[in-house]
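This one's a predicted model, so the numbers in the text were calculated from it and none came from an experiment. This chain uses plain numbering: 1 for the first residue, then up along the sequence.
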Amino acid sequence: MHAPSIASDTNQFEANPADTLRLPTVCRRTGLGRTTIYRLMAHGLFPSSVRLAPRAIGWHRADIDAWLAARSRASH
């Protein structure tokens with residue numbers, strides 16, 4: 001009989017690091033600066049970052065793509 005598996009508290013970065021974007025890439029893709037990204041995050045208007053290491057964060061590529069798509073639809 002198998003012991004029940006315990007779901008680990010991992011993020012998507014550990015599953016596929018290529019799907020996680022660091023801040024310089026997010027800035028280039030969105031056209032936003034660092035301060036603007038953090039301000040929008042604080043107001044719930046930008047995807048939340050994920051912790052990659054004690055002093056490193058990133059964003060899920062799918063979250064940034066969805067945010068860009070929604071922003072594009074809103075402007076038309």
Side-chain angles (χ1 to χ4, degrees):
M1 186 164 146
H2 293 247
S5 63
I6 299 172
S8 61
D9 186 21
T10 59
N11 60 33
Q12 188 176 357
F13 172 75
E14 292 171 349
N16 190 351
D19 289 337
T20 304
L21 306 174
R22 297 297 304 271
L23 183 60
T25 304
V26 173
C27 289
R28 280 193 305 274
R29 292 192 69 200
T30 63
L32 302 174
R34 176 183 189 270
T35 303
T36 302
I37 288 171
Y38 285 111
R39 184 171 23 92
L40 291 173
M41 280 176 49
H43 288 94
L45 300 173
F46 195 80
S48 296
S49 59
V50 293
R51 175 123 346 249
L52 305 176
R55 295 185 62 193
I57 63 167
W59 285 262
H60 295 297
R61 181 184 306 271
D63 292 345
I64 299 302
D65 290 344
W67 184 85
L68 288 168
R71 186 172 162 135
S72 175
R73 284 191 305 269
S75 67
H76 289 124

(Q) Working to the nearest 0.5 angstrom, can you tell me the gap between Leu21 CG and Asp63 CG? (A)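 Atom-to-atom, Leu21:CG and Asp63:CG are 9.5 Å apart.
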Q | Reported CZ-to-CG distance for the pair Arg61 and Asp19, which is rounded to 0.5 angstrom | A | 6.0 Å
Q | Residue list, side-chain hydrogen bond (donor to acceptor under 3.5 Å, both in side chains) with Arg28, at least two apart or on another chain | A | Thr25
Q.
My understanding is that only residues two or more places apart in sequence, or in another chain, count here; which of them pass side-chain hydrogen bond (donor to acceptor under 3.5 Å, both in side chains) with Arg22?
A. none
Q: Of all the heavy-atom pairs spanning Gly33 and Cys27, show the shortest one and how long it is.
A: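 Closest approach of Gly33 to Cys27: C-SG, 4.1 Å.
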Q.
Ignoring hydrogens, what is the shortest heavy-atom contact between Thr30 and Ile64? Give both atom names and the distance.
A. CG2-CG2, 4.2 Å
Q.
Test of understanding: with salt bridge (charged side-chain N to carboxylate O under 4.0 Å, His left out), list the residues that count as partners of Arg39, not counting sequence neighbours.
A.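 Partners of Arg39 by the salt bridge (charged side-chain N to carboxylate O under 4.0 Å, His left out) criterion come out as none, since no residue qualifies.
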**Q.** Min side-chain heavy-atom separation Phe46-Val26 under 4.5 Å
**A.** yes
Q: Could you list the residues that satisfy side chain to side chain contact (heavy atoms under 4.5 Å, CB included) with Ser49, not counting sequence neighbours?
A: Met41, Ile57, Trp59
Q) Is there a path from Val50 to Ile37 through hydrophobic residues (I, L, V, M, F, W, Y) whose side chains come within less than 4.5 Å of each other? A)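 No; tracing contacts between hydrophobic side chains, which count when under 4.5 Å, never links both residues.
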